[in-house]
Amino acid sequence: MWVSGVSNYPLPCSSNFLRRFNGGREVGALGFRADTLETYRANEVESEAAKKKKVVIVGSGWPGLGAAHHLSKQGFDVTLLQATSCSGSLVTGQKNAAAPSSEIGIPGFRCPYHNIFCLIDELGIQPFTKWTKSAQYSPEGVEVETPIFQDLPRLPTPLGALFYPLFPHLPSVDRLTSVPLLSAVIDFDNTDVAWRKYDMMTARELFKQLGCSERLYRNALNPLLLVGLFAPGEQCSSAATLGMLSYFFAHQQDFDVVYCRGVVGEKIFKPWMESIKMNGCRFLENRKVTDFLLDGTTGNILEVVCGNEKFLADSVVLALGISDLQQIIMNSSVLQMREEFLNVLNLRAIDVVTVRLWLDRKVKIPKASNTCSGFNDSMGWAFFDLTLLHDEYKDEPGTVIEADFYHANQFLPLKDEVIVGKVKSYLARCINEFEVAAVVDQVVVRFPKSVTHFFPGSYKYMLRGSTGFSNLFMAGDWIITRHGSWSQEKAYVTGLEAANRVIDYLGEGKFARIIAVEEDEPHVQALRSLGRNINDLRTQSQSTILTFIFFEEKSVSSVHIQ
């Protein structure tokens, strides 16, 4: 017999074969109809796909893409759900200005981001500028100029970060009052004990306790917090402060930074997503998670619910910011069953406002990257010369400036023209040439509750990578991790950690390789070891004293009884 639809291709005519070939569909007097060879192969592929374990990832930032990247390479059936469309993640304006959600927060990529740089090499792209010098401004002018630290002779931590930057208005005596801060940085070893010890104290209280001068705090430490943790020192956890300082100042070169030569979403995420898609991952846009369905037998997540749609899942990764996760928790009866998720509702996020200005002339800006403080008591900001940093603006006749404002709740209700007027006046106080430049175009983008607020006491409400649901895992820059990284690198690493937890749970695939944070310098390791020994001796002494008091009281009680 010849099978219709396959030219000159003899095939055996058994009912079992035809049933397999045609998916068991009965038609006509002969009982079965044979379809084309392509249909047969498609059915085979569909059958193989059905055997794959299904992983649903919610969130398409650094952590979500990190998890999807590795899990799709391991052959899992990966579906990534995005609450918005890909194009919707780029906020465009009259000049095609873009402010992707991936760039909200600290925009630079620092020297110790080894895992991200390894990913960039794997993708075969070159999205970054060269190492970039920066400056810090106040209304009085330049407060700090930072060099490229790796170009200078290496000094032991923290001497390079203390002596190489130029502080025009900060006397050496004030700079030296930062030295006692090293004792807290050494004591903070990123363990659960260290986080709980320091988390209830504000950064401002810590600096006062350690004897940091008021001028040092005002000119250097608080400005760093305003653009690093996005809030003033009296609103920042000292544990988060020490975590950031321990990472960015662990070695002299760690503060060196490169920037993306354009929008991160275009330069990095777009080619990355194409690579992930080639591995079989499905990206579904405009899917807002509303709840989950549980397996009545195991108590695990069985399906992810997006309105009227449901997605089967053998494992789930939630790779979301605090605000997005809180919205899901408020709607999800399943997540509300767990105290750990209800605790997340106690966490907070910070408002960010991004302003992009096109000026009618070239303005000479000494450094392409600049942070600012002192213009508003509770708000920090940074401005960047995009004509130097972004490829698309290098031929602009004028200057293109981006200014990012953190803890910007005071800006949110203002009209665009009012915000632009304030930004223009702030810039003019930093560099005089801005005063005579005219704004020819502008884009103002508001990001309410978009970056994590590490407030005092927040640690106890944060989630760990594993949850009370054995097949539900977490990723994000606010998740508790012992890796020690920060910002984009931390977000990406937690995505890889979530992928490894999925692999461990499902019992398939190879674990992702995660590059550890560089070891502390020998003198720091020695001091930290000494600190632990002193703490151990102190604990043992306290235990001995308590034991002695207990037996003394017991002995006295026995005498009274007799």
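Positions are given from 1, in the same order as the sequence printed here. Heavy-atom basis, side chains included; hydrogens, waters and symmetry copies ignored.
A cation-pi arrangement, defined by a distance under 6.0 Å to the six-membered ring centre and an angle within 45 degrees of its axis, is present between R110 and F248. For the pair K277 and F283, the cation sits on the ring face: its NZ or CZ lies under 6.0 Å from the ring centre, inside 45° of the axis. Both tests do not hold together for R446 against F411: distance to the six-membered ring centre under 6.0 Å, angle to the ring axis within 45°.
Using a 30° and 60° split on the angle between ring planes, F149 and F255 fall in the perpendicular class, above 60°.
The number of heavy atoms from other shown groups lying within 6.0 Å of NZ (K460) is above 12. Atom CG of D377 has 12 or fewer neighbouring heavy atoms from other residues, nucleotides or ligands inside a 6.0 Å radius.
Of the residues listed (W486, W272, Y113), the one engaging Y492 in a ring pair (Phe, Tyr, Trp, His ring centres under 6.0 Å) is W272, and it is the only one. Applying side-chain contact (heavy atoms from CB on, under 4.5 Å) to I503 and the options Q74, E508, K53, K510 leaves one that passes, Q74.
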Item to check | D477 and K490: CA distance, side-chain angles, deciding distance, salt bridge (charged side-chain N to carboxylate O under 4.0 Å, His left out) verdict | outcome: CA-CA 5 Å; D477 68 351; K490 179 181 178 182; over 6 Å; no
Checklist entry - Checking salt bridge (charged side-chain N to carboxylate O under 4.0 Å, His left out) for the pair K54/D77: CA distance, chi angles, key distance, verdict? => result CA-CA 5 Å; K54 299 181 183 297; D77 180 359; 2.9 Å; yes
Checklist entry - Can you list the steps and then say if R356 with D441 is a salt bridge (charged side-chain N to carboxylate O under 4.0 Å, His left out)? => result CA-CA 8 Å; R356 192 164 292 187; D441 212 340; over 6 Å; no
Next on the checklist: side-chain contact (heavy atoms from CB on, under 4.5 Å), that's the test. Do C281 and L80 meet it? Break it down for me.
Outcome noted: CA-CA 7 Å; C281 177; L80 192 146; 4.2 Å; yes
Next on the checklist: Go through it in stages, so that I can follow the logic: the residues are E122 and K73, the test is salt bridge (charged side-chain N to carboxylate O under 4.0 Å, His left out), and I'd like the CA-CA distance, side-chain angles, deciding distance and then a yes or no.
Outcome noted: CA-CA 13 Å; E122 180 185 340; K73 286 197 301 183; 3.1 Å; yes
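Counting only heavy atoms from C-beta outward, the side chains of F455 and C236 never approach each other to under 4.5 Å. Side-chain contact between W62 and F269: present, with at least one pair of heavy atoms (C-beta onward) separated by less than 4.5 Å.
Between the side chains of T481 and H483, no donor N or O sits under 3.5 Å from an acceptor N or O. With no hydrogens or angles considered, no side-chain donor-acceptor pair links S315 and N471 at under 3.5 Å.
One distance of note links CE of M474 with CD1 of I479; it measures 4.5 Å at 0.5 Å rounding. In this structure, CD1 in I120 is found 4.5 Å from CZ in F128, a value given to the nearest 0.5 Å.
Salt-bridge annotation for K422 and E417: absent, with no side-chain N of the basic residue lying under 4.0 Å from a carboxylate O of the acidic one. With respect to the salt-bridge test (charged N to carboxylate O, under 4.0 angstrom), the residues R464 and D192 qualify.
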